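First comes the structure, then the notes that go with it.
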Amino acid sequence: MSSPSPSASSPLSPSPLSSSVLELAPVVPVVVVEDVSDAVPLARALVAGGLPAIEVTLRTPVALDAIRAIAGEVPGAVVGAGTVISPAQVADCVAAGARFLVSPGWTDTLLDAMKASGVPFLPGVSTTSEVVALLERGVHDMKFFPAQAAGGTAYLKSLAGPLPQARFCPTGGIGPAVAPEYLALPNVLCVGGSWMLPADAIASGDWGRVEKLAREAAALAS
């Protein structure tokens, strides 16, 4: 995960940080929080199951409040913001306590804002040209999205030869059946997914089930 200049005092400082966020676990849960009261117990269940890096997407009105709650009440969580598409959102997410940023795609304006944010970031790509453009800008860690629709493991395998310096967190259409195929690739450090967050478990507050599914996801790399 790319980031600006390092901070010696931060456990999530840049270059090492880029690795540390992507390597905290083989799976980064992609979370859509509809009710802010679910944020803390959900995050605690994910952390207990071995998935500390949590991407809260900006797809609901309570997303920033959810990030703020997790950052303040779940010390084991490394909470980040997903679906970041504007400089204003970058600022809002960092102010809420997001420790990393994820975008579905990128522009020069958005990339500049993420670089200036002071936290690691993962810009989204789906084409070779986008990957090369990011490498030109000094960015090596990227989100591959939408992974399954954009070519899946075959596409990423093809990129590993000519562009070995690019590292990916594929997200989009990935479940437990195909996740190990992605994780076996040399240019994939982790995958993003939401299969450990079934809607019925969240609706019923079955955090034990979420923790169990998170533990199974955390074991995929082995």
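Just so it is clear, the structure is predicted and the values come from calculations on it, not from any experiment.
Tyr155 OH to Thr128 OG1: the interatomic distance, rounded to the nearest 0.5 Å, is 3.0 Å.
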Would you check, one step at a time, whether the test side chain to side chain contact (heavy atoms under 4.5 Å, CB included) holds for Thr83 with Gln89?
CA-CA 9 Å; Thr83 322; Gln89 288 180 329; over 6 Å; no
Side chain to side chain contact (heavy atoms under 4.5 Å, CB included) between Cys169 and Leu189, intermediate numbers included:
CA-CA 6 Å; Cys169 175; Leu189 294 183; over 6 Å; no
Hey, mind stepping through Lys115 and Asp108 against salt bridge (charged side-chain N to carboxylate O under 4.0 Å, His left out) and telling me if it holds?
CA-CA 10 Å; Lys115 279 190 167 186; Asp108 287 331; over 6 Å; no
Start with the C-alpha gap between Val188 and Lys157, add the side-chain angles, then the distance that decides, and say whether side chain to side chain contact (heavy atoms under 4.5 Å, CB included) holds.
CA-CA 9 Å; Val188 170; Lys157 189 180 298 183; over 6 Å; no
Under the side chain to side chain contact (heavy atoms under 4.5 Å, CB included) rule, what do Val210 and Leu197 come out as? Steps first, then yes or no, please.
CA-CA 6 Å; Val210 171; Leu197 300 162; 3.9 Å; yes
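Remark: Ala147 engages Phe144, Pro170, Ile174, Tyr182 in a side chain to side chain contact (heavy atoms under 4.5 Å, CB included) (not counting sequence neighbours).
Contact detail for Gly97 and Ile67: the closest heavy-atom pair is C-CG2, 4.1 Å. Contact record, Lys143 with Leu122: N-CG, 3.5 Å, taken as the closest heavy-atom pair. Here the closest heavy-atom approach between residue Pro176 and residue Pro180 is recorded as O-CD, 3.2 Å.
Put simply, Val30 and Ile85 are part of two different groups of oily side chains (I, L, V, M, F, W, Y) that touch within less than 4.5 Å, one to the next. Cluster annotation: Val178 and Leu183 are assigned to the same hydrophobic cluster (Ile/Leu/Val/Met/Phe/Trp/Tyr, side-chain heavy-atom contacts under 4.5 Å, transitive). By the rule that hydrophobic residues join a cluster once side-chain heavy atoms approach within less than 4.5 Å of another member, Trp106 and Phe168 end up as members of one cluster. In the hydrophobic clustering of ILVMFWY residues, with side-chain heavy atoms under 4.5 Å counting as a link, Met114 and Val79 come out together. In terms of hydrophobic clustering, with Ile, Leu, Val, Met, Phe, Trp and Tyr side chains grouped at heavy-atom distances under 4.5 Å, Leu134 and Leu156 are assigned to a common cluster.
Applying the side-chain hydrogen bond (donor to acceptor under 3.5 Å, both in side chains) definition to pairs two or more places apart or across chains, those involving residues 27-39 are Asp35-Ser37. Sorted by first and then second residue, the pairs that involve residues 203-221 and meet side-chain hydrogen bond (donor to acceptor under 3.5 Å, both in side chains), not counting sequence neighbours, are Asp200-Arg209, Glu211-Arg215, Lys212-Glu216.
Contact annotation: the side chain of Arg167 approaches that of Asp141 to within less than 4.5 Å [non-hydrogen atoms, C-beta and beyond]. Between Val74 and Ile54, every side-chain heavy-atom pair lies at or beyond the 4.5 Å cut-off. Two residues are said to be in side-chain contact when any heavy atoms from C-beta on lie closer than 4.5 Å; Met142 and Leu135 meet this criterion. Inter-residue side-chain proximity for Leu51 and Leu24 is flagged as unmet; no heavy-atom pair is nearer than 4.5 Å. Using a 4.5 Å heavy-atom cutoff, the side chains of Leu213 and Trp195 are not in contact. Side chains of Leu101 and Ser117 form a contact here, defined as non-hydrogen atoms less than 4.5 Å apart.
Counting only distance, with no hydrogens or angles, the side chain of Thr107 and the backbone of Leu110 share a donor-acceptor pair below 3.5 Å.
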